[in-house]
Amino acid sequence: MSGRKRIYVAYFGGTIGMMPTASGYAPVRGHLGSQIRQTPELNARDVPELVVSEHEPLLDSANARPSDWLRIAREIVEHRHSFDGFVVLHGTDTMAYTASALAFLLRGLGKPVIVTGSQIPLGVLRSDGRQNLLTSALVAARDDVREVCLVFGSHILAGARAVKASASGFEAFTSPNAAPLGAAGVLITLDEARLRVTERAPIALPLALDANVALLRLYPGMPAALLRAALAEPIKGLVIEAYGAGTFADGDPYLLAALADGARRDIVIAVVSQCADGRVDLGAYATSGPLIRAGAVGGLDMTTEAAYAKLVVLLSEGHPPATVRALLAQDLAGELTP
Ligand code: ASN
């Protein structure tokens with residue numbers, strides 16, 4: 001019989017380890033570790049051993065930046081040979097961005113990385129943190145999971161497919177264009193056919209994550225100055241949340257001029273849809289013409305979070321713009337359906 005599995009728990013911040021303060025919930029050093037030690041179920045023999053490492057500073061995830069994604073990825077890579085799996089405890093607000101980024105950064109890890117958190121802190125009445133952590137630890141101990149997942153409530157989702165869908169519900173995350181990888185009910189079930197079968201490979205993390213990527217949601221009447229700013233130096237990449245299948249106001253000469261100027265600077269543009277469900281199909285409508293002429297890549301059914309994280313990671317890996325464009329349309333971490 002194999003021994004008890006060891007899971008590295010990186011506590012990055014978020015509600016799960018917060019305490020009520022005079023200005024609202026805030027992370028407090030040492031609190032999460034002591035809560036875990038006081039929770040008998042999390043220390044049971046049939047639960048993997050949890051080795052908790054607390055980040056400094058602990059963040060409300062509203063403060064997370066791409067450099068923080070890299071910090072978490074580095075920590076996991078450093079410990080990749082000493083642990084069976086990893087749990088990242090993170091705030092829910094930007095968890096989908098971090099889970100997406102980790103999915104791209106940790107291609108080749110070949111071990112489970114489970115991102116989770118809670119809506120109510122551990123230790124507070126009706127906390128969902130204990131259940132989320134317990135489920136995550138059990139999924140992180142599985143041999144058949146070799147990818148980044150986001151576990152929350154009863155959902156087990158591919159990390160690069162998840163979006164936060166509820167500010168207050170316990171089932172706070174969904175994956176709009178992909179069925180969940182599994183569910184945590186009476187049993188924890190995983191859809192074996194949908195799990196990624198990735199070979200372990202060396203991981204060369206970028207030295208830094210380039211945050212010079214902008215994200216812009218189109219809206220009726222948007223001033224061209226906004227698009228111009230989103231394409232100005234030092235920006236290298238832009239995610240456009242366009243309408244429907246990827247349409248753009250091609251009747252506005254100022255917007256067209258701003259887009260054309262960005263194209264001249266060889267900015268890599270990824271187009272995702274404002275619709276939660278469905279996919280971008282550049283060329284389906286004549287109004288996507290300016291995007292196509294600007295060299296924009298249709299993000300297919302990628303979430304905005306995944307498209308942004310993917311562009312940040314690819315540009316930071318130092319590929320030339322043409323390679324980034326080609327990779328954007330490929331499935332690198334389960335983020336899109338080709
Ligand atoms: N504001 C918190 C965070 O994202 C929300 C949470 O974790 N539920 O850090």
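Remember, predicted model here, so these are calculated numbers, not experimental data. Atoms within a ligand are numbered from 1 in the order they appear, just like the ligands themselves.
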Would you give me the side-chain donor-acceptor pairs under 3.5 Å for residues 217-230, sequence neighbours excluded?
unit_1: Arg217; atom_1: NH1; unit_2: Glu241; atom_2: OE1; d: 2.9
unit_1: Arg228; atom_1: NH1; unit_2: Asp261; atom_2: OD2; d: 2.7
unit_1: Arg228; atom_1: NH2; unit_2: Asp261; atom_2: OD2; d: 3.3

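Remark: Asp266 engages Arg325 in a salt bridge, criterion side-chain N to carboxylate O under 4.0 Å.
Every heavy atom of Pro27 sits 4.0 Å or more from the atoms of ligand 1.
The aromatic rings of Trp69 and Tyr308 sit perpendicular to each other, their planes meeting at more than 60°, with 30° as the lower class boundary. Ring orientation note: the planes of His90 and Phe12 are close to parallel, at an angle under 30° on the 30°/60° scale.
Between Asp60 and ligand 1, a contact under 3.5 Å exists for at least one N or O pair. Checked by distance only, ligand 1 and Lys164 stay at 3.5 Å or farther apart across all their nitrogen or oxygen atoms.
With ligand atoms numbered from 1 in the order given, ligand 1 contributes 3 (C), 4 (O), 7 (O), 9 (O) to contacts under 4.0 Å with heavy atoms of Gly91. For ligand 1, the atoms sitting less than 4.0 Å from at least one non-hydrogen atom of Gln119 are 8 (N), numbered in the order shown with element in parentheses.
Ser61 OG, 2.6 Å is the protein heavy atom nearest to atom 4 (O) of ligand 1. Counting protein heavy atoms only, atom 1 (N) of ligand 1 is closest to Asp93 OD2, 2.8 Å. Of all protein heavy atoms, the one lying nearest to atom 6 (C) of ligand 1 is Thr15 OG1, 2.7 Å.
Taking all atoms of both residues into account, the shortest heavy-atom contact from Ser166 to Gln119 is O-NE2, 3.4 Å.
Residues that satisfy the side chain to side chain contact (heavy atoms under 4.5 Å, CB included) test with Ala263, not counting sequence neighbours, are Ala294.
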